Amino acid sequence: MIGGGQLARMMGEAAESVNVELHVLATSMDDCAVTTCHEASVGDAKDASALAQFGASVDVVTFDHELVDLEQIAELEKSGVVVRPSSNSLRYSVNKAFQRQEFKNAGLPVPKFLVVSSIEDSALNAFLDELGTEPVVKASHGGYDGRGVLFPENRDETFSAIKKLSKDGPVLIEERLELEGEVAQLIARDVNGKLAVYPLVTTVQRDGMCIEVRYPSHASDDFDTQAKLLGEQIAQLMDVVGIFAIEFFVTEQGLVINEVALRPHNSGHWTIEGTETSQFQNHLLAVSGQELGAIETTGNYAVMVNIIGGDAAPTPERAAAIEDVHVHDYAKEWKPDRKLGHITVVGHLQMQTLMTGWAAATAYGTTVVEEPL
Ligand code: ADP
């Protein structure tokens, strides 16, 4: 697995149960996956020789983040290394502009958008005038957790946002939708194209970062069906092997696709305790060429709350002392605004599940949980 962050860490915890030995390419031996994986090498994910050496030492290469160079990954494939998901699939998550354009071409619901490389673009002013409000401005490469996503309030700020983000490549400018909420669809696809479609969940964001996930989703049954159908179509379009997530905006007009991630996703952490086979296990099963596992839920309700560094150091042991609370501490150095861990509660009663999750997150010391009810 290229990358040694918390996704790789949780993948390491899942590996033995699916008969996989996980070898990570970490940026340093301090990366949080190093203690859970079978083997770790240190190297830069964008260094061609480090990649070649790593690729030669494993059966399959997969990813814990999308901060990779697609040309280098394609070279790795050409040299005979098995890469799952492939560089062609990965392009959808590495390049948001490509993703938007391909989805639009396929007739999938996406926000109105324009890709520009500078404020000089001849189509820019007409596009901005056509929108009712100022747009959302996004870097097409390299953003995550809301970094690389700007919400300008007036035209001057829009131009400054484009100037700022265009220093690093093309910029995606899109219509700012009025959101009724956000939901996420997680799907695993095996090497034969067989799917495991997890239940739809609601995600709660603050400052562009996911802070909480709830199963079942608050969205109507119609949205469940729509998300599943769109998910099946997208799985085939991207020809993905492994787990992937689709983040949807819930709008008056129905579901609109925000983005896809071709890796385990924050919206799927609850599956570790909440479904028979977690997203981490199913990802490893898929990329190692095995059959997918069952995804029946283990309770009627689940809540996952991210622990994000605040002013004081976190206290995971206080959360762990609460009954029915599963604590995942990523063993990361504590820093404000950094994801340090998460808690999950699975239960049969909605109110009790949410209240226990809220109590656990507060005990852990997160500063960002909103009133859950
Ligand atoms: P990242 O890739 O960093 O997670 P996203 O593109 O998912 O960034 O944006 C982060 C959050 O910003 C979204 O979850 C949503 O709350 C808000 N957002 C992004 N795009 C739009 C949009 N077009 N309209 C309204 N809100 C948006």
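Just so it is clear, the model here is predicted, and its values are computed rather than measured. Values below: every heavy atom of this structure, side chains too, minus hydrogens, waters and symmetry copies. Whatever order the structure lists ligands and atoms in, that order sets their numbers, starting from 1.
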With heavy atoms of [X] as the reference, note each atom of ligand 1 found under 4.0 Å away.
X: Q205; result: 14 (O), 16 (O)
X: E247; result: 7 (O)
X: E174; result: 20 (N), 21 (C), 22 (C), 23 (N)
X: L179; result: 26 (N)
X: K138; result: 6 (O), 19 (C), 20 (N)
X: K96; result: 1 (P), 2 (O), 6 (O), 8 (O)
X: R176; result: 24 (N)

- Which option out of L150, L177, V256 puts a heavy atom nearest to atom 25 (C) of ligand 1? L177
- Query: Evaluating non-hydrogen atoms only, which member of R206, E182, E259 is closest to atom 4 (O) of ligand 1?
  - Reply: E259
Under 3.5 Å, is there a donor-acceptor pair linking the side chains of [X] and [Y]?
X: Q290; Y: S288; result: yes
X: H269; Y: Q279; result: yes
X: T36; Y: E13; result: no
X: R9; Y: T35; result: yes
X: E247; Y: H265; result: yes
X: H328; Y: E273; result: yes

- Tell me which part of N258 gets within contact of ligand 1: side chain, backbone, both or neither, using heavy atoms under 4.0 Å. side chain
- Task: Report the part of F151 in contact with ligand 1, treating N, CA, C, O as backbone and CB onward as side chain, heavy atoms under 4.0 Å; options are side chain, backbone, both, neither.
- Result: side chain
- Partners of S93 by side-chain hydrogen bond (donor to acceptor under 3.5 Å, both in side chains), sequence neighbours excluded? none
- So the ring pair (Phe, Tyr, Trp, His ring centres under 6.0 Å) pairs with at least one residue in residues 223-247 (sequence neighbours excluded) are none
- Item | V149, any N or O under 3.5 Å of ligand 1 N or O | no
- If you measure from each heavy atom of E178 to ligand 1, is any distance below 4.0 Å? no
- Item | Side chain to side chain, E102 and M238, heavy atoms closer than 4.5 Å | no
